[in-house]
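FYI, side chains are in, hydrogens and waters are out, and symmetry mates aren't considered; it's all heavy atoms of this structure. In what follows, chains are A, B, ... by sequence order, proteins preceding strands, each numbered from 1.
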Amino acid sequence: MNTDLTSNLNALNDAQKAPTLHKDGPLIVIAGAGSGKTRVLTFRIAYLMSQGVDPFSILALTFTNKAAREMKERIGELVGASEAKNLWMGTFHSVFARILRAEADKLGFPSNFTIYDTQDSDRLIASIIKEMGLDKDIYKYKQVRGRISAFKNSLITVKAYYNDPDLQEADAMSRRPEMGAIYKEYVDRCFKAGAMDFDDLLLRTNELLNRFPDVLAKYQERFRYLLVDEYQDTNHSQYLIVRALADRYQNICVVGDDAQSIYAFRGANINNILNFQKDYPDVSLYRLEQNYRSTKTIVNAANSIISHNKNKIDKVVWTSNDQGAPIQINRLITDAEEGRYVASSIFEFKMQEQRKNADFAILYRTNAQSRAMEDALRKRDIPYRIYGGLSFYQRKEIKDVLAYLRLLVNPKDEESLKRIINYPPRGIGQTTVDKLVVASKKHNLSLFETLDRAKELEVPMNAGTLTKLTDFATMIKRFQIENESLNAFEITDLVTKKIGLVQELKKEATPEGIARIENIEELLNGIRDFTEGQKELADTTGSLTEFLEDVSLATDADRDNDPNSDRVSLMTIHLAKGLEFPYVYIVGMEEDLFPSAMSMNTRSELEEERRLFYVALTRAEQRAFLSYTLSRYRWGKLIDAEPSRFIEEIDPKYVHHIKPKEEYHYKPLVNTSIFGEPAKIERTPREKEKTISSPTPSQLKKLRRIDSHESSSEIESSIELKEGMEVEHARFGSGVVERIEGDRNNKKAVIAFQGFGKKNLLLRFAKLKIK
DNA sequence: TGCACCGATGTTTTT
DNA sequence: CATCGGTGCA
């Protein structure tokens with residue numbers, strides 16, 4: 001065995017070593033948060049390779065592409081990068097998209113099939129509803145899409161739907177008797193367009209493995225060792241794929257934590273992990289319960305939260321780490337103030353404890369909450385990076401360019417065609433498109449083919465329009481020919497130049513237009529990097545098809561161009577899974593927001609929200625901060641809020657309620673630290689709530705007005721401080737200015753405080769009072 | 001057919 | 001508060 005590997009293996013604890021060294025046969029690792037789950041997976045793969053297992057026969061399914069990449073890197077460090085390269089690692093979606101490309105013809109799909117994203121699906125469903133003449137208020141496309149997605153994830157095909165009277169009745173009962181018809185039309189249209197949506201990538205893989213035993217056998221042979229990370233978040237469709245592939249050799253290793261199952265809304269079935277032992281009677285079960293990540297306070301507080309759930313595997317996560325600081329709970333008036341509090345707090349910790357920006361994360365339940373945080377961070381010049389939300393590839397201008405590329409790779413792609421047929425405007429309007437759709441149905445041709453042959457098919461339209469159609473078709477066909485001899489970057493460059501999109505945006509000369517041009521340039525850079533990167537890999541060609549697949553399955557977290565830059569991370573709790581940060585702020589701890597109003601109807605929904613909170617809290621290594629507001633902007637209106645029930649569920653011995661300082665709001669010129677005196681806690685937060693005077697509605701209005709003004713810190717920046725001055729700091733008490741350095745916004749002062757020693761404070765933000 | 005404007009409408013979470 | 005779809009006019 002590689003000596004590096006041996007010495008590294010010795011660094012594992014016994015509980016980690018056991019599953020790592022388990023060679024053949026099924027095993028399940030129930031791993032508590034922060035217990036070294038990823039380590040076990042990486043070492044296990046490295047160990048298998050050291051035992052002579054061919055890397056080509058190992059398939060590891062991870063939850064994100066990023067996780068796969070990082071794991072591959074770490075394995076590369078253990079066994080050598082060239083060997084590690086041959087491992088198959090990725091998300092279910094990306095791995096099986098590749099397999100489906102190779103086998104597409106068996107299912108009647110072109111090998112360069114398009115992957116429809118959620119937006120494509122929505123548009124298609126909306127147009128089907130419209131074409132069928134259904135009431136769009138009853139058939140809401142998002143609900144319909146959700147229903148179809150649920151069917152697919154449970155492997156209910158159109159045929160199965162029609163064979164199941166219960167399903168049909170359920171839809172009829174909810175006044176949607178045409179659900180099956182929409183489902184059928186949607187599937188047909190996707191097929192005709194040579195397109196698969198996200199769910200199809202799994203459903204069609206199942207179809208492939210079920211219908212073609214030889215194909216199944218091929219991949220069973222190929223992937224003799226299977227590893228699945230985050231197994232608690234697999235849905236039924238994924239579960240069946242794994243079971244089918246593992247059936248022959250039973251070398252299946254799944255790792256997960258039932259307490260961190262947070263994807264039920266997209267079909268994840270927690271029973272997959274709860275019942276794993278039933279599926280594989282010979283299974284070895286390993287538990288990792290020692291947490292290496294967090295303080296005792298955080299681990300125990302998290303345990304106290306999850307104990308409120310009924311449906312779980314019993315385990316005790318523990319740690320030998322220090323006790324650590326209590327979890328701070330802050331009450332703020334508005335969401336804007338919450339942002340300011342977080343920014344101030346981060347700032348103070350940076351100064352006092354010499355922390356980097358990257359040591360901090362702000363986690364929230366919904367993407368919309370990021371705005372208040374961004375505003376506050378910007379005001380304090382704290383660099384940050386947002387993950388998720390509207391991802392780069394979902395921006396309009398990017399989707400427009402990509403639509404051209406998708407269309408020339410797969411001319412049957414109806415959604416892409418509709419998107420760009422008149423963008424930039426070329427005089428082909430809705431009426432024409434509608435006529436083409438009708439004709440394409442009549443002749444059973446794709447939309448592009450119909451358009452291309454509009455004349456011979458005698459689609460009724462005037463000569464001018466016909467010419468425009470021909471011009472468009474000619475342009476696309478020219479791109480197709482060019483594409484044969486160009487790589488992904490060159491063809492994209494050509495297309496963006498030829499369609500005149502950039503010129504169009506330049507003409508606008510608006511800030512948004514400029515930003516869009518920059519985005520398109522960034523896209524081009526991204527494609528160049530991609531083609532360069534692919535040159536080194538033997539099994540790929542750097543073709544447009546591959547790039548488009550990468551793009552459609554990439555998440556924003558994958559597009560991290562400078563992972564080393566020092567920034568505060570902002571993301572939803574869902575995206576934070578698997579990550580860790582020294583300091584974690586969990587904001588918006590309010591009823592109806594977290595837990596979400598949509599998830600309080602059933603016990604299981606509420607339990608999932610609670611697991612989500614568990615995930616959030618266990619991201620923290622050293623300190624966690626919770627905050628809630630009394631009112632927050634939602635749909636542009638100020639809504640009253642109530643503290644989340646989850647706050648009360650934490651064992652009170654681990655929390656510390658920060659007493660709200662009203663002066664902070666009423667007199668922004670007075671320098672008060674947001675960290676006031678520790679509140680004495682004998683009561684639950686909700687009881688306490690009553691004793692602390694809540695602002696009256698008119699006061700609230702006044703607060704809001706102050707709130708919308710400049711933050712107090714900016715006003716303070718004008719204070720002229722000189723050496724030798726005596727000052728008062730809300731936290732450090734009184735002190736003497738020893739030295740002033742820096743200029744303008746970055747003016748700093750070294751101040752000797754009594755009892756706290758010397759501190760270097762940035763004047764712009766330090767809350768100082770001159771004595 | 002294209003564009004500017006208006007009102008309705010909706011927000012969980014993501015591959 | 002955004003975005004979307006619909007409407008009405010050039």
Between [options], which one does the side chain of [X] approach most closely?
| X | options | result |
| --- | --- | --- |
| Lys136(A) | dT14(B), dG6(C), dT1(B) | dG6(C) |
| Asn422(A) | dT11(B), dT12(B), dG2(B) | dG2(B) |
| Thr366(A) | dT1(B), dT15(B), dT13(B) | dT13(B) |
| Arg266(A) | dT15(B), dC4(C), dT13(B) | dT15(B) |
| Ser596(A) | dT14(B), dT12(B), dT11(B) | dT12(B) |

Nucleotide [N], atom [atom2] - distance to [atom1] of [X] in whole Å:
| X | N | atom1 | atom2 | value |
| --- | --- | --- | --- | --- |
| Ile639(A) | dT12(B) | CD1 | C1' | 16 Å |
| Gln394(A) | dC4(C) | CD | P | 12 Å |
| Ile573(A) | dT11(B) | CD1 | C1' | 15 Å |
| Asp550(A) | dT15(B) | CG | P | 14 Å |
| Met461(A) | dT1(B) | CE | C1' | 13 Å |
| Arg419(A) | dC4(C) | CZ | C1' | 13 Å |
| Lys396(A) | dC4(C) | NZ | C1' | 13 Å |
| Tyr633(A) | dA2(C) | OH | P | 12 Å |

Let me confirm one number: the CG-CG distance from Asn269(A) to Asn153(A), rounded to the nearest 0.5 Å.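 Separation between the atoms: 11.0 Å.
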Point-to-point distance, once rounded to the nearest 0.5 Å, from CG of Leu523(A) to CG of Asp400(A):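 Output value for this atom pair is 11.0 Å.
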Sugar-phosphate, base or nothing in reach of [X], heavy atoms under 4.0 Å:
| X | value |
| --- | --- |
| Arg123(A) | nothing |
| Ile428(A) | sugar-phosphate |
| Lys637(A) | nothing |
| Ser552(A) | nothing |
| Asp199(A) | nothing |
| Asp117(A) | nothing |
| Tyr263(A) | sugar-phosphate |

Using the P atom in both, what is the distance from dT13(B) to dC4(C), to the nearest Å?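 dT13(B) and dC4(C) have their P atoms separated by 16 Å.
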Looking at [X], does any N or O in its side chain come under 4.0 Å of the phosphate oxygens OP1/OP2 on [N]?
| X | N | result |
| --- | --- | --- |
| Asn367(A) | dT11(B) | no |
| Ser599(A) | dT13(B) | no |
| Arg371(A) | dA2(C) | yes |
| Thr118(A) | dT15(B) | no |
| Lys142(A) | dT11(B) | yes |
| Lys140(A) | dG10(B) | yes |

Indicate yes or no: does Arg371(A) engage Glu374(A) in a salt bridge with an N to O separation below 4.0 Å.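 Salt bridge between Arg371(A) and Glu374(A), a charged N being under 4.0 Å from a carboxylate O: no.
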Under 4.0 Å between a Lys/Arg side-chain N and an Asp/Glu carboxylate O for Arg611(A) and Glu608(A)?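 Judged by the 4.0 Å cut-off on N to carboxylate O distance, Arg611(A) and Glu608(A) do form a salt bridge.
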Under 4.5 Å between any side-chain heavy atoms of Glu605(A) and Met598(A), yes or no?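 The answer is no, as the side chains (C-beta and beyond) never meet within the 4.5 Å cut-off.
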How do Pro425(A) and Arg145(A) order along DNA chain B: which one's closest nucleotide is nearer the 5' end?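 Closer to the 5' end of DNA chain B: Pro425(A).
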Derivation of the side-chain contact (heavy atoms from CB on, under 4.5 Å) call for His93(A) and Glu549(A): CA-CA 10 Å; His93(A) 294 267; Glu549(A) 178 177 312; over 6 Å; no
If the plane angle is over 60° it's perpendicular, under 30° parallel, otherwise tilted; pick one for Phe646(A) and Phe613(A).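 Rings of Phe646(A) and Phe613(A): parallel, as their planes differ by under 30°.
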